[in-house]
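Because only heavy atoms are used, hydrogens play no part in the values below, and waters and symmetry mates are left out as well, while side chains stay in.
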Amino acid sequence: MDGIIFANGLVSIKGTDLKMVYGLLCRTNIGHLLSSKAKDLFTKEDGDHFTKHLEEEVRNLGDKSDHEIQVELFLEITRLLKLRGTKYTLLKEIEDQCTNIVYEVYQQYKKQDKQFRAFTEKQAGSTMLQQVVQFQMSKVFSELDSSFHDFPIQDQTQFASQVNEYIQSLPEEKQVKIKEKLGINDLSDEMVHKTIATSGTSIVFAVIVEVSGFAFYTTATSLVASFAGLFGLTLPFGFYTGLTSTVAIIANPLFLVPMLLGGGYLLVNHQNNSLKSKLLPIIIMQIALPYMSSGADDISFDEFIQEWESRYQKDVAWRKELAEIVAEQKMTREQITDRENRIKEIKRTIYIEESLIDSEKQKIKSALKRTDFTGLDISSTFENHALQYRDNLDEIFSLKSGKKVNGTSTGFFQHIGNTVSNFSTSLDIKNKESEAEEMLSVMADDVLLSKSRFMQSEREKTQLSRMKIRELAGEKGAAQKEKKEFETALSRLNNEHNSFTQKIKTLEKENHGLADLFTRI
């Protein structure tokens, strides 16, 4: 039942009330609260600074719709309580989550505040939500008890008279119960005045609520608001009647600071989330109390669900686009790998063909070494190169012959001279042999370029390999171009992937529980 009541309260609270609650939980931190109190103490400006802070936050919300704020407020509460998100497309899903909210806040409140823990032990007949609201309101009215005696007698009497007027409006049996619980014989203004003066506003109000129900809080807060000047309060926006008074009073630093510091730890030693968690009982009360007091007409969750659904569908759409990008990235990477493998295969084939060319050319060179060039009709260029080749061979022969002659000389110094001379000759021979080998290679190229019948088979095989290499080079160039294009496409996809990932993270960070819908438990 608590979940149903809280859910109804959530979609019922609207306008300025809603914005104030939202501003208090979502736009307030410890710095705002403490600095506001410091300014109140040390500056001469009229009004309290925390109220001004809330007023500014309400104005900043501008034209933001009620259902948009309701959803964000709801999600912030679930985030602070670390509740796993659900789809919220059915009323029951919202009510179940609201039940979880009330339960978690209740349990945390009991751990944090020993006074609340003691209070719950005496309230076995009340629900968790009722206990949270009753305890918060009792703390609010307890703050007024010490001020009541400072009122002029005339104001005290007027205050008591209005409280009695409400009691007198109740059915007879409830009036009897109130008298019994307060221990009074009659319900005169004087007797009620005396009871408030001796027992305190909080006790009298608690008894009235216990008997008449939460509707009394509407009257009580309006009554307190009407005496705001006497209590030294400045309520936001000058709303001193109706349900807004409940929200305004609770948001007032005069009550907020004692309520926050009344728990089991010091606020100043905790981070902002701890402050927000400490605020949750107050927030829960502000959301639920107006509905608990007076109900609401034409309650509808349609806009709330539609607002949530729009966020969910945006996440779904972005995740779908991201999935398509991931699939395209995978395909593009496969295409790049395919081109890389193709390029490697082409290079391997080119290497084989080049090796075949080298082999055939080597055969031609070997044949040229054994062949008399006379009568070979290859080309004039070949004849010129052949002439140079013969000259190189003659020079090599001459150098080798001179080396042998010198080697026959005798005598020590002659031997030393011959050794030096032979070393120099050996180098000359090696250089000439290298020149001859290069010229032979040039001659083999001449043969390959000719149309001679000499080594025709080797030439045809070489030409075929070179034609294959040209074709393979074209294929390699095309594959490299395609690879580059795919790499450019992959870079673009990577940027899009990062962009959508960041957008999804931001959306899910701003809407607690969205990510849970796409995460397996």
For Ile94 and Ala7 the tightest heavy-atom approach is CG2-CB, 4.3 Å

**Side chains of Leu464 and Lys468 in contact at under 4.5 Å (non-hydrogen atoms)** = yes

Under 3.5 Å, is there a donor-acceptor pair linking the side chains of Gln97 and Asn100?
yes

With sequence neighbours left out, the residues meeting ring-ring contact (aromatic ring centres under 6.0 Å, His included) with Phe74 are Tyr88, Phe304

Applying ring-ring contact (aromatic ring centres under 6.0 Å, His included) to Phe216 and not counting sequence neighbours gives Tyr166, Phe205

- Any donor and acceptor pair, going by atom type alone, linking the side chain of Glu458 with main-chain N or O of Gln362 inside 3.5 Å? no

TODO: List the steps, then state whether side chain to side chain contact (heavy atoms under 4.5 Å, CB included) holds for Gln134 with Ser126.
DONE: CA-CA 10 Å; Gln134 285 177 299; Ser126 302; 3.6 Å; yes

d(Gln70 CD, Phe301 CZ) to nearest 0.5 Å is 9.0 Å

Hey, is the main chain of Leu83 close enough, under 3.5 Å, to the side chain of His512 for a donor-acceptor pair?
yes

message = So Asp315 and Asn511, do their side chains get closer than 4.5 Å, heavy atoms only?
response = no

Closest non-hydrogen contact found for Ile343 with Gln480 is CD1-CG, 3.5 Å

Taking Glu475 first and then Arg342, would you say they form a salt bridge - that is, a charged N and a carboxylate O separated by under 4.0 Å? yes

* Can a cation-pi geometry be assigned to Lys19 and Tyr22, taking NZ or CZ under 6.0 Å from the six-membered ring centre and within 45° of the ring axis? -> no

*Heavy-atom side-chain proximity of Arg84 to Thr519 below 4.5 angstrom*: yes

Q) Are any of the side-chain nitrogens in Arg59 or Glu56 under 4.0 Å away from the carboxylate oxygens of its partner? A) yes

Is it the case that over 12 heavy atoms from other parts of the model lie below 6.0 angstrom from the CZ atom of Phe518? yes

The side-chain contact (heavy atoms from CB on, under 4.5 Å) partner of Leu514 among Lys87, Glu508, Arg319, Lys314 is Glu508

Q: Classify the side-chain pair Ser441/Lys361 by whether it contains a donor and acceptor separated by less than 3.5 Å.
A: yes

Between the CD1 atom in Ile5 and the SG atom in Cys98, the distance rounded to the nearest 0.5 Å is 11.0 Å

Quick one about Glu309 and Gln313 (side-chain donor to acceptor, distance below 3.5 Å, no hydrogens or angles considered), yes or no? yes

- prompt: Would you say Met20 and Gln286 make side-chain contact, with heavy atoms under 4.5 Å?
  reply: no

Test: Glu345 and Arg348 ion pair at under 4.0 Å: yes

message = Looking at Glu482 and Arg339, is there a salt bridge between them, counting it only when a charged N and a carboxylate O are closer than 4.0 Å?
response = yes

dist Thr501:OG1 -> Asn494:CG (nearest 0.5 Å) comes out at 10.5 Å

Review point. Do NZ/NE/NH1/NH2 and the carboxylate oxygens of Glu340 and Lys344 come within less than 4.0 Å?
Key: no

To the nearest 0.5 Å, atom OG1 of Thr89 lies from atom CH2 of Trp308 at 10.0 Å

Any side-chain heavy atom of Phe135 within less than 4.5 Å of one from Gln115? yes

| Is there side-chain contact between Leu356 and Lys461, with heavy atoms separated by less than 4.5 Å? | no

- Message: Could you go through Tyr217 and Val133, starting from their C-alpha distance and side-chain angles, then the distance that decides it, and tell me whether this counts as side chain to side chain contact (heavy atoms under 4.5 Å, CB included)?
- Response: CA-CA 10 Å; Tyr217 283 134; Val133 171; 4.2 Å; yes

So, Ser359 side chain and Ser355 main chain: donor-acceptor pair closer than 3.5 Å or not?
-> no

Between the CD1 atom in Ile336 and the CG atom in Asn341, the distance rounded to the nearest 0.5 Å is 12.0 Å

Heavy-atom nearest pair, Arg27 first then Asn60, reads NH1-CB, 4.5 Å

### Query
Salt bridge check: are Glu307 and Arg311 linked by an N-O gap of less than 4.0 Å?
yes

Margin query: I'd like to check Leu129 versus Met1 (side-chain heavy atoms, cut-off strictly below 4.5 Å). Are they in contact?
Written below: no

For this session: Give the C-alpha distance, both sets of side-chain angles, the deciding distance and a yes or no for salt bridge (charged side-chain N to carboxylate O under 4.0 Å, His left out) between Arg117 and Glu121.
Result: CA-CA 7 Å; Arg117 189 162 56 248; Glu121 293 172 358; 5.7 Å; no

Test: Lys92 and Glu95 ion pair at under 4.0 Å: no

In terms of heavy-atom contacts, Ile504 and Leu322 come closest through CD1-CD2, 3.8 Å

### Query
Ser491 side chain to Glu487 main-chain N or O, any donor-acceptor pair under 3.5 Å?
no

### Message
So for atom NZ, which belongs to Lys481, do other residues, nucleotides or ligands contribute more than 12 heavy atoms lying within a distance under 6.0 Å?
### Response
no

Q) Gln136 and Ile284: side chain to side chain contact (heavy atoms under 4.5 Å, CB included), yes or no, with the steps? A) CA-CA 10 Å; Gln136 293 290 329; Ile284 295 302; over 6 Å; no

Nearest heavy-atom contact between Met128 and Asp2 is N-OD2, 3.2 Å

- Item | Asp113 side chain vs Tyr109 backbone, donor-acceptor pair below 3.5 Å | no

Residues Val102 and Phe6: closest non-hydrogen pair is CG2-CB, 4.0 Å

Distance col, row Thr86:OG1 vs Glu93:CD, nearest 0.5 angstrom, shows 5.0 Å

Paired with Asn8, the side-chain contact (heavy atoms from CB on, under 4.5 Å) test is passed by just one of Ile13, Ile299, Ile287, namely Ile299

* To do: Please test Gln306 against His67 for side chain to side chain contact (heavy atoms under 4.5 Å, CB included), starting from the C-alpha separation and ending with a verdict.
  => CA-CA 9 Å; Gln306 288 169 9; His67 50 269; over 6 Å; no

*For Asn495, does its backbone N or O pair with a side-chain atom of Ser499 as donor and acceptor, under 3.5 Å?*
no

Student check: side-chain heavy atoms of Leu10 and Tyr291 closer than 4.5 Å: no

